[in-house]
J.: 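This is the structure, below, for whatever I ask next.
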Amino acid sequence: MLNHQAHAMTSTPSSSRPNVSIPAAMLQRFDISGPRYTSYPTADRFNDGFDQQDYLQALYQRVLPQQPLSIYVHVPFCANLCFYCACNKIITRRHERASEYLRYLIREMALHAVHLHTQPDGRQAAVTQLHLGGGSPTYFNDAELARLMAALRHHFGVMDDAELAIEVDPRTVDSARLVRLRELGFNRLSIGVQDFDAEVQVEVNRRQSTQQVFELVAQARQLGFHGINVDLIYGLPRQTPASFMQTLKTLLQLRPDRIALYAYAHLPERFKPQQQIDSASLPAGPDKLQMLAMAIERLQVAGYDYIGMDHFALPDDALAVARRQGRLYRNFQGYTTRQEGDLIALGVSSIAKVGATYSQNEKTLTRYYEALERGHLPIARGLQLTRDDLLRRAVIMAIMCQGRVEFESIEAAHLIEFNTYFAVELAALSELVNEGIIELDTRSLQVTALGWYFVRGIAMHFDHYLRGTRTQARYSRIV
């Protein structure tokens, strides 16, 4: 119960971590809205004054063209509508739309290949990370996925040991498809489950059997997939603490390598599909916090390491190892073990990071196709980061990924005096020190074991754009 204390893992860099108690009052205190910091500044700060020329200039000015690249491909199509979904997606049973989209994706790849710097010996920059997201990337059939992967390998230097991840809907992937995905080179899966409870599945229009999921994970392991992730959402309609406890028990029988435990953000005024959900059927705030507390406790007892934000991993998983060794990074797909570099984004609405810029593609198929027909990259908006943005990004990412900020390293990289530049922010952090969320001295900021569970709230103190707007409803809840 929430009026007791839920136990959580500490950030001690070992596989056996002492317990930490999270007071119920603290969960309630941090039940506020805030950014997820997959970037800083966040995407809501992008502007339409940033265009293709700004993006191309960033590509040409890549300081280290040999630095590894990441690629994200957005596939917006789904056969069925999930009512909770806030992603950019297109619900259609007309499969020919996917074939048309693939043709334009390949056009976009070809344009990038023309503009990207090559290494001095003529080789393309090494792609060490590829992620297919959506929508449902498995909306593409096997032949289309094969064509997509062939085009990616043709236009970019995808390394043999690259991390190739794909989001899969267990309703659209059978045994034969899983074999084909492995043959195409995919070695990581992220499986959208959300809840094992049949009644909750009906309420969100996502019906899938537990057996389907268990069979999918079992075969994925046999085929050599690693870092298998399962998504769960708490706060969905008809969920109760009792029903969610059963979902947690089922999840722990499945024992995926990684778990992403998201809080449902009900924003029907922004996301039309959520208008199908009766707000009266949503769990009350205390029940939702109780589900979070139960999940933290259950996952800890089962041996999962807390990575940060809403992510957990088994101690021998690469993500947990990177977390202990201080090699954790963060990009628009979340936490990653791969060194931060430039991120090329392909597809409608996808977001890229190149040099000191962010950019987002057109959000509608019509405008995306029109730009490519003109031979233009479909950049709709973006942001050129300022010196202050780059400085604050370094601090926020150090908090989010390493849980520690060494002032001297920030000072050397950005030519500032940390305690003077951030005097206002450091003064505001005194309350978090008193609550045991952080440890602070004149040379460093350290997130405590307890503080890891509220890391977004710590990072928010360094977000210049949030001053005076921290409670705005455009962001999800941080717990």
Side-chain angles (χ1 to χ4, degrees), residues 48 51-52 55-56 70-82 85-116 127 130-156 158 164-169 171-174 176-178 180-181 183-186 190 192 205 271-273 332-333 343-352 359-382:
D48 57 12
D51 60 16
Q52 177 190 233
Y55 179 72
L56 290 178
S70 294
I71 295 179
Y72 173 71
V73 182
H74 188 75
V75 183
F77 302 104
C78 294
N80 300 289
L81 177 66
C82 299
C85 186
C87 299
N88 183 300
K89 73 277 181 189
I90 297 166
I91 310 302
T92 180
R93 298 297 182 99
R94 293 173 50 208
H95 195 89
E96 65 272 14
R97 297 188 71 184
S99 300
E100 179 185 33
Y101 183 70
L102 178 56
R103 292 196 298 273
Y104 282 97
L105 272 178
I106 294 173
R107 283 195 188 190
E108 189 180 3
M109 292 179 210
L111 285 174
H112 272 92
V114 169
H115 295 295
L116 271 171
V127 173
L130 169 69
H131 187 99
L132 267 62
S136 297
T138 47
Y139 190 91
F140 281 149
N141 61 34
D142 288 352
E144 289 161 344
L145 282 171
R147 186 180 173 203
L148 173 67
M149 294 304 293
L152 286 164
R153 288 190 167 96
H154 174 74
H155 291 296
F156 303 99
V158 180
L164 307 184
I166 185 169
E167 298 173 8
V168 302
D169 181 341
R171 300 170 298 178
T172 63
V173 177
D174 58 15
R177 290 217 76 192
L178 200 58
R180 187 62 180 135
L181 290 176
E183 290 173 346
L184 290 173
F186 291 103
S190 183
N205 198 37
F271 307 114
K272 279 191 174 182
F332 288 106
Q333 282 68 64
L343 171 66
I344 302 297
L346 305 170
V348 65
S349 80
S350 59
I351 300 177
S359 57
Q360 184 170 29
N361 279 353
E362 295 286 358
K363 292 186 177 182
T364 68
L365 284 184
T366 299
R367 294 180 68 89
Y368 174 75
Y369 292 163
E370 285 176 349
L372 290 167
E373 286 286 358
R374 297 194 306 270
H376 293 172
L377 289 168
I379 307 297
R381 62 183 192 134

J.: What's the spacing between Leu346 CG and His74 NE2 if we round to 0.5 Å?
T.: 12.0 Å
J.: Give the minimum heavy-atom separation between Phe271 and Cys85, together with the two atoms involved.
T.: CB-O, 4.2 Å
J.: Measuring only between side-chain heavy atoms, which start at C-beta, is Leu105 closer than 4.5 Å to Phe140?
T.: yes
J.: Might you point out which heavy atoms bring Arg153 and Gly185 nearest each other, and give the distance in Å?
T.: NH2-CA, 3.9 Å
J.: Please answer whether the main-chain N or O of Ser350 pairs with a side-chain N or O of Asn361 as donor and acceptor at a distance below 3.5 Å.
T.: no
J.: Compare all side-chain heavy atoms of His131 with those of Ser70 and state whether any distance is below 4.5 angstrom.
T.: no
J.: Side chains of Phe186 and Leu132, heavy atoms from C-beta outward: is any pair under 4.5 Å?
T.: yes
J.: For the pair Val158 and Leu164, evaluate side chain to side chain contact (heavy atoms under 4.5 Å, CB included) and give the outcome as yes or no after the intermediate values.
T.: CA-CA 9 Å; Val158 180; Leu164 307 184; 4.1 Å; yes
J.: May I ask you to decide whether Glu183 forms a salt bridge with Arg180, counting only side-chain N to carboxylate O separations under 4.0 Å?
T.: yes
J.: Once you round to the nearest 0.5 Å, how far does CD1 of Ile344 lie from CD1 of Ile71?
T.: 7.0 Å
J.: Does any non-hydrogen side-chain atom of Tyr104 lie less than 4.5 Å from one of Glu100?
T.: yes
J.: Does any non-hydrogen side-chain atom of Pro273 lie less than 4.5 Å from one of Lys89?
T.: yes
J.: Kindly indicate whether the side chain of His115, heavy atoms from C-beta on, has any atom under 4.5 Å from the side chain of Tyr55.
T.: no
J.: Would you sort out whether Leu184 and Ile166 count as a side chain to side chain contact (heavy atoms under 4.5 Å, CB included), showing the intermediate values?
T.: CA-CA 11 Å; Leu184 290 173; Ile166 185 169; over 6 Å; no
J.: Specify the closest pair of heavy atoms between Ser136 and Cys78, including all atoms of both residues, with the distance to one decimal.
T.: OG-SG, 3.4 Å
J.: Looking at side-chain heavy atoms only, is the closest gap between Leu372 and Leu111 below 4.5 Å?
T.: yes
J.: Compute whether any side-chain donor of one residue and acceptor of the other, for Tyr369 and Glu362, lie under 3.5 angstrom apart.
T.: no
J.: Atom OH of Tyr72 and atom CD1 of Ile351: how far apart are they, to the nearest 0.5 Å?
T.: 9.0 Å
J.: Spell out, as yes or no, whether a donor-acceptor pair under 3.5 Å connects the side chain of Asn205 to the backbone of Asn80.
T.: no
J.: Of all the heavy-atom pairs spanning Phe156 and Val127, show the shortest one and how long it is.
T.: CB-CG2, 3.7 Å
J.: Throw together a table of side-chain donor-acceptor distances under 3.5 angstrom for residues 141-150, partners on residues two or more places apart or in other chains.
T.:
residue	atom	partner	partner atom	Å
Asn141	OD1	Ala143	N	3.1
Asn141	OD1	Glu144	N	2.8
Asp142	OD1	Arg177	NE	2.9
Asp142	OD1	Arg177	NH2	3.2
Glu144	OE1	His95	NE2	2.8
Glu144	OE1	Asn141	N	2.9
Glu144	OE2	His95	NE2	3.2
Glu144	OE2	Ser99	OG	2.7

J.: Working to the nearest 0.5 angstrom, can you tell me the gap between Leu377 CG and Gln52 CD?
T.: 5.0 Å
J.: In Å and rounded to the nearest 0.5 Å, what is the SG to CD distance from Cys87 to Glu167?
T.: 7.5 Å
J.: Let me see the working for Glu370 and His376 under side-chain hydrogen bond (donor to acceptor under 3.5 Å, both in side chains), right down to the final yes or no.
T.: CA-CA 9 Å; Glu370 285 176 349; His376 293 172; over 6 Å; no
J.: From Ser359 OG over to Leu343 CG, what is the distance, rounded to the nearest 0.5 angstrom?
T.: 9.0 Å
J.: Is it the case that the ring center of Phe77 lies less than 6.0 angstrom away from the ring center of Tyr101?
T.: yes
J.: Is it true that a side-chain atom of Gln360 and a backbone atom of Ala380 form a donor plus acceptor pair closer than 3.5 Å?
T.: no
